[in-house]
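Proteins get letters first, then strands, A, B, ... in listed order; numbering begins at 1 in each. Everything quoted here is computed from the prediction, not taken from an experiment.
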Protein chains: 2
Amino acid sequence: MTLNYTKPIEQAITSSDKTFLSIRYAIVEGDIASGSKLSETELSTKYGVSRAVIREAINRLETCHLVERKANVGARVVSLTPDGLIELYQIRESLEGMAARLAAKNMTSEEIAELNQLLDIHAEKVKQEGSYYQEAGDVDFHYRIILGCKNKQLISLLVDGIYHLVRMYRVQLGMSGPRITTAFDEHKAIVSAIQNKDEELAEMLMRRHIMYSKNNIANKLA
Amino acid sequence: MTLNYTKPIEQAITSSDKTFLSIRYAIVEGDIASGSKLSETELSTKYGVSRAVIREAINRLETCHLVERKANVGARVVSLTPDGLIELYQIRESLEGMAARLAAKNMTSEEIAELNQLLDIHAEKVKQEGSYYQEAGDVDFHYRIILGCKNKQLISLLVDGIYHLVRMYRVQLGMSGPRITTAFDEHKAIVSAIQNKDEELAEMLMRRHIMYSKNNIANKLA
DNA sequence: TTAATTAATGTTGTCGACAATTTAGACCTA
DNA sequence: TAGGTCTAAATTGTCGACAACATTAATTAA
């Protein structure tokens, strides 16, 4: 007599799922360089699965905007020009600004409390080792606000859409010194606005926050 | 009436491409009902191609947000709840508002002239047969403004992202009588703002225009 | 009868092989 | 040498078959 005491519902995880996640990780972390070609046969032997699985994974990577495919030619890891990166941040400004506004409207007090806890943790990390924050912390912060907006379409668009692309460039470019603490302060201000249910302010602060990041990147690339 | 939204391609067209386009058309036009299941074997015989081709097509349909897949279970045509549809229009407000603003900044005078020509044609159509406009014309108008924004990321997100989903519901719900002419006037105002390079006004008018559509739909569903 | 278990059926996931296409290099030509 | 053509190699696209899984029907136990 077994099981059924375990989890009632769990998404089945296929071989394609695992392979997709592995390759995505490799791309985001830079193990597979941006602009490089994704050979199906090569990946097939490397991950020990058939080409069908690889093709499935590549398709999903294309959905995340991490990969571009040409018929009869193959797939390459996307490589944004500086202009393309700016364009991406413009979209973030719009979409995450909206997310912040909706988060101010829709987040529960529990979720807001958790958000404050997250900020406390980040404050510690920044004091101790300035590096952690920029990589995982910032992403995590934005991630929670996105989830807090409660608009499923928007969540899908950001989380399994463009967000991994942002992460990829975040890893590659990093944040420079002074930006770390100012970004943290901006986060605090955003949470404060959300806590006060000030939708307009939350949106405005989030847009400005992302705009600063954009400028920071633009300077780095110029 | 067929609108060809594909750019002039010199790309190779594979069997998967054709099948994808066929099925997408069937879904958008309602030939395949929303919520219905997409059986791989069934489609395979229907379109006379292998299951691999069908799977490829379904993957791309998933990328357009027209289809949802569950592992080991299969794919269904997406079926938005009224709330989901409202959420979708909220996103349009944000993204197309941004597109309008950028269009005011970046569209060439040639493109603006073509846009005016399009409106003239629409004016004729509305007089003659009030029906054409709502289906293809409105979509075409929005389409041109999206292309005019010149932000490739945004264009990709809208054109091969959520826009076919919008078209699908446009076909299913249609526009009611008085809305047709008011929508046309709103289009004229938007073009006027773009012509004057008034970015803020263009964004504001576009957002309002979509908000009106949203309300129109919300009333219809209530 | 009802609930749970098992068997049967159909669907999706994965595989290896072949076909179509692109790409690289050898070869020729002016 | 520069340019083009053709052949050969490698890569992607497509196919049919089998394996794994989900769903339904049949069976059994309480």
Side-chain angles (χ1 to χ4, degrees), chain A residues 1-24 26-27 32-33 35-64 66-79 160, chain B residues 6 9-24 26-27 32-64 66-79 160:
Chain A
M1 178 74 353
T2 61
L3 48 92
N4 276 357
Y5 290 118
T6 60
K7 310 262 178 87
I9 303 175
E10 221 179 77
Q11 272 265 10
I13 293 187
T14 76
S15 178
S16 297
D17 289 325
K18 284 184 285 190
T19 308
F20 161 64
L21 292 175
S22 296
I23 300 180
R24 192 181 69 181
I27 290 176
I32 300 178
S36 63
K37 182 153 193 291
L38 294 180
S39 161
E40 294 183 2
T41 52
E42 189 180 321
L43 292 172
S44 171
T45 58
K46 181 171 181 180
Y47 288 94
V49 292
S50 82
R51 268 185 58 219
V53 171
I54 297 294
R55 284 176 69 82
E56 173 86 26
I58 288 181
N59 274 325
R60 297 198 208 167
L61 291 168
E62 202 184 5
T63 300
C64 308
L66 283 174
V67 152
E68 283 172 347
R69 251 183 24 158
K70 276 188 204 164
N72 292 314
V73 174
R76 306 195 86 89
V77 178
V78 76
S79 167
D160 39 64
Chain B
T6 56
I9 310 177
E10 61 276 357
Q11 273 222 5
I13 292 188
T14 77
S15 179
S16 298
D17 288 326
K18 285 184 285 191
T19 308
F20 161 64
L21 291 174
S22 297
I23 300 180
R24 192 182 69 180
I27 290 176
I32 300 178
S34 89
S36 63
K37 182 157 194 293
L38 294 179
S39 160
E40 294 182 3
T41 53
E42 190 180 323
L43 292 172
S44 171
T45 58
K46 181 171 181 180
Y47 288 94
V49 292
S50 82
R51 269 185 59 219
V53 172
I54 297 294
R55 284 175 69 81
E56 173 86 25
I58 288 180
N59 273 326
R60 298 199 208 168
L61 291 168
E62 202 184 4
T63 301
C64 307
L66 283 175
V67 151
E68 283 172 347
R69 248 181 28 155
K70 276 187 206 163
N72 294 312
V73 172
R76 307 194 84 89
V77 178
V78 77
S79 168
D160 39 65

Nearest listed nucleotide, side chain of [X], among [options]:
X: A:Ala71; options: D:dC15, D:dG13, C:dT12; result: D:dG13
X: B:Val73; options: D:dA22, C:dT14, C:dT22; result: D:dA22
X: B:Thr41; options: D:dC15, D:dT12, C:dT11; result: C:dT11
X: A:Ser39; options: D:dT12, D:dA22, C:dG16; result: D:dT12

Restricting to side chain to side chain donor-acceptor pair (under 3.5 Å), what partner residues turn up for [X], sequence neighbours left out?
X: B:Thr63; result: A:Thr63
X: A:Arg69; result: A:Asn59, B:Glu56
X: A:Thr41; result: A:Ser39

Could you pull out all residues at least two apart from A:Asp17 that satisfy salt bridge (charged side-chain N to carboxylate O under 4.0 Å, His left out)?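 Partners of A:Asp17 by the salt bridge (charged side-chain N to carboxylate O under 4.0 Å, His left out) criterion, ordered by chain and then number, come out as A:Arg60.
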
Rounded to whole angstrom units, what separation is found between the CZ atom of B:Arg69 and the P atom of D:dC21?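 From B:Arg69 CZ to D:dC21 P: 16 Å.
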
Once you round it to whole Å, what is the distance between P of D:dT14 and CD of B:Glu40?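 Computing the B:Glu40:CD to D:dT14:P distance gives 15 Å.
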
Identify, with sequence neighbours excluded, every residue that meets side chain to side chain contact (heavy atoms under 4.5 Å, CB included) alongside A:Ser44.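 Counting only residues at least two positions away or on another chain, A:Ser44 forms a side chain to side chain contact (heavy atoms under 4.5 Å, CB included) with A:Arg51, A:Ile54.
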
Kindly compute the distance separating CG (A:Leu21) from OG (A:Ser16), expressed to the nearest 0.5 Å.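 That separation rounds to 10.5 Å.
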
Counting the atoms with a prime plus P, OP1 and OP2 as sugar-phosphate, which does A:Leu38 contact under 4.0 Å by heavy atoms, base, sugar-phosphate, or nothing?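 Sugar-phosphate contact only.
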
Going by heavy atoms closer than 4.0 Å, what residues in residues 51-59 of chain B are next to DNA chain D?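 Contacting residues: B:Arg51, B:Ala52, B:Val53.
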
